[in-house]
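Numbering of ligands and ligand atoms starts at 1, following listing order. For the numbers below, each heavy atom of this structure counts, side chains included, while hydrogens, waters and symmetry mates do not.
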Amino acid sequence: MARTSVLRFLRAGTESPTTWLAILIGFLFRAAICLHPYSGAGKPPMYGDYEAQRHWMEITTNLPVSEWYAETKQNNLSYWGLDYPPLSAYQSWLYGKVIERLDPDAMALGESHGYESADSKRYMRQSVMISDLIVLVPALLACRRVFCRGSAEKGDLMLLGSLMQPALLLIDHGHFQYNSISLGLAAGAAAAVASGKDVLGSILFCLAMNHKQMAMFYAPAFFAHLLGRCLQKPSLSSKMAAIARLGLAVTATFVVVWAPFLANPSDALHVLHRIMPLKRGLYEDYVANFWCTTSMLVKWRSIFSQQALVWLCMGSTLLAAMPVLVQEVRRPTARGLLVCMASSAFAFYLFSYQVHEKSILLPLMPVMLLGPDQPIMTRWLPPVACFSMYPLLKKDGLTLAYIALMLLWGAMTWPAVGEERKERQTEASRDHVEAQVSERWRSLLLMGLYVSVGLAVGIHAAPLIWKAPKQYPYIFDALFTSFSFLHILGLAVYLQYQGLANKQLKGD
Ligand SMILES: *[C@@H]1O[C@H](CO)[C@@H](O)[C@H](O)[C@H]1NC(C)=O
């Protein structure tokens with residue numbers, strides 16, 4: 001019984017040729033980006049994220065589990081020590097075992113550092129695409145069925161947007177990471193929970209967190225939604241039973257995933273120690289969050305102690321997402337869950353401790369799941385997210401792919417702005433006053449879009465025309481972060497407003 005319902009959940013249902021075409025286009029562009037460089041290509045001694053992933057495969061395939069996260073004679077943690085939770089390690093082991101068979105030198109313990117044969121590079125690239133195919137695509141198809149129930153066309157647009165948003169494409173298939181696995185698991189969890197399969201959803205969400213700890217950004221959203229649903233049960237005993245069942249599902253999933261490390265407490269402690277980021281600083285490099293952007297004006301790190309900053313970050317993060325979370329507890333809905341996931345991830349990105357620029361992928365995923373009903377969010381956030389990571393992408397040699405994908409995104413979404421305007425105009429002309437108001441609002445929005453794009457192009461052009469003044473060597477990076485921060489903050493506030501005011505998102 002449970003098995004058939006899981007199978008039915010995974011099975012393709014209403015997919016049409018357009019759906020498959022959207023997936024095909026997504027993979028065509030994945031294959032094309034693979035031809036571009038990745039992070040740290042040919043840059044000894046540390047290389048980059050590609051080498052980190054290859055090194056984890058080398059470590060997991062050659063050493064016993066107890067040494068994966070520990071500093072030992074064979075495992076030098078200063079050289080890309082494993083710092084993701086166990087599911088990432090198992091994934092490294094699995095792909096590593098396959099690549100070891102095809103190209104043994106690529107996995108040789110201690111001797112394969114920086115190994116980049118043409119074959120092994122191809123296998124690594126293909127492993128990311130396979131991950132998309134077996135995790136991200138089925139999850140998006142499930143989301144299409146659950147969140148875009150009314151319209152097949154909207155569902156296909158949601159799918160195409162999710163697969164073609166340039167930020168995830170460039171980070172996973174250019175820069176080189178496996179974000180799609182944890183993002184796909186979280187999307188699958190959202191689809192499961194929103195269609196009433198709370199236990200399956202909780203298991204999938206725990207797997208997402210056990211692949212990348214950053215999936216924790218969504219935890220308040222799942223907590224609020226599931227708590228709200230449990231509270232809707234008629235009697236106290238059924239409320240308690242529902243909560244207990246979910247608690248059991250979460251505990252069991254963690255026990256199974258961590259089983260190889262639980263026999264010996266010191267093994268589990270090594271893992272915990274490696275995946276907790278608190279020992280690092282408030283932020284890294286140039287990230288478009290509140291702390292990094294305002295640090296130009298306020299020296300946070302000299303005003304507060306590290307401990308105080310951790311608390312300050314935690315408090316402001318929770319506060320920032322609170323309004324929609326409270327609403328979700330009181331009235332849990334399917335699309336409300338998506339708004340909460342995005343708002344909570346925005347809050348973590350903007351205010352939490354030790355945020356990486358790549359964390360913008362977390363709010364981006366649930367935003368894209370909202371689909372064409374939220375045109376401002378789904379059209380504007382992807383290029384802004386991609387723009388905010390430009391300094392990183394440039395370092396990787398991905399500028400060409402970046403320009404191509406941004407122009408493509410513009411071409412995909414820009415003409416629709418005008419068309420929709422005309423459509424709304426005729427629709428609204430029935431009521432003259434409303435037509436005037438909505439027309440003024442639309443023009444304002446369009447003007448904002450032009451100004452924003454103009455500024456973005458200007459910020460790209462500035463370092464090509466001027467040299468940074470001596471007293472402000474990082475001025476251009478600061479322009480990137482300030483522009484991105486203001487946009488991301490604006491979009492986060494707008495989404496939260498939509499979540500609280502929009503009938504369709506509230507579920508009225
Ligand atoms: C460990 O790796 C770091 C970074 O590559 C290197 O500087 C250090 O010498 C290595 N330590 C040992 C013992 O090999």
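- Here the protein heavy atom with the shortest distance to atom 5 (O) of ligand 1 is Y79 CD1, 3.5 Å.
- Of the protein's non-hydrogen atoms, N76 ND2, 3.8 Å is the one closest to atom 8 (C) of ligand 1.
- Looking only at side-chain heavy atoms (C-beta outward), P85 and M209 stay at 4.5 Å or farther from each other.
- Side-chain contact between C340 and Y218: absent, with no pair of heavy atoms (C-beta onward) separated by less than 4.5 Å.
- For K358 and D49, the salt-bridge test passes: some basic side-chain N is under 4.0 Å from an acidic carboxylate O.
- Annotation: S78 places no N or O atom under 3.5 Å from an N or O atom of ligand 1; distance criterion only.
- Below 30°, between 30° and 60°, or above 60°: for F290 and F351 the angle between ring planes is between 30° and 60°, a tilted geometry.
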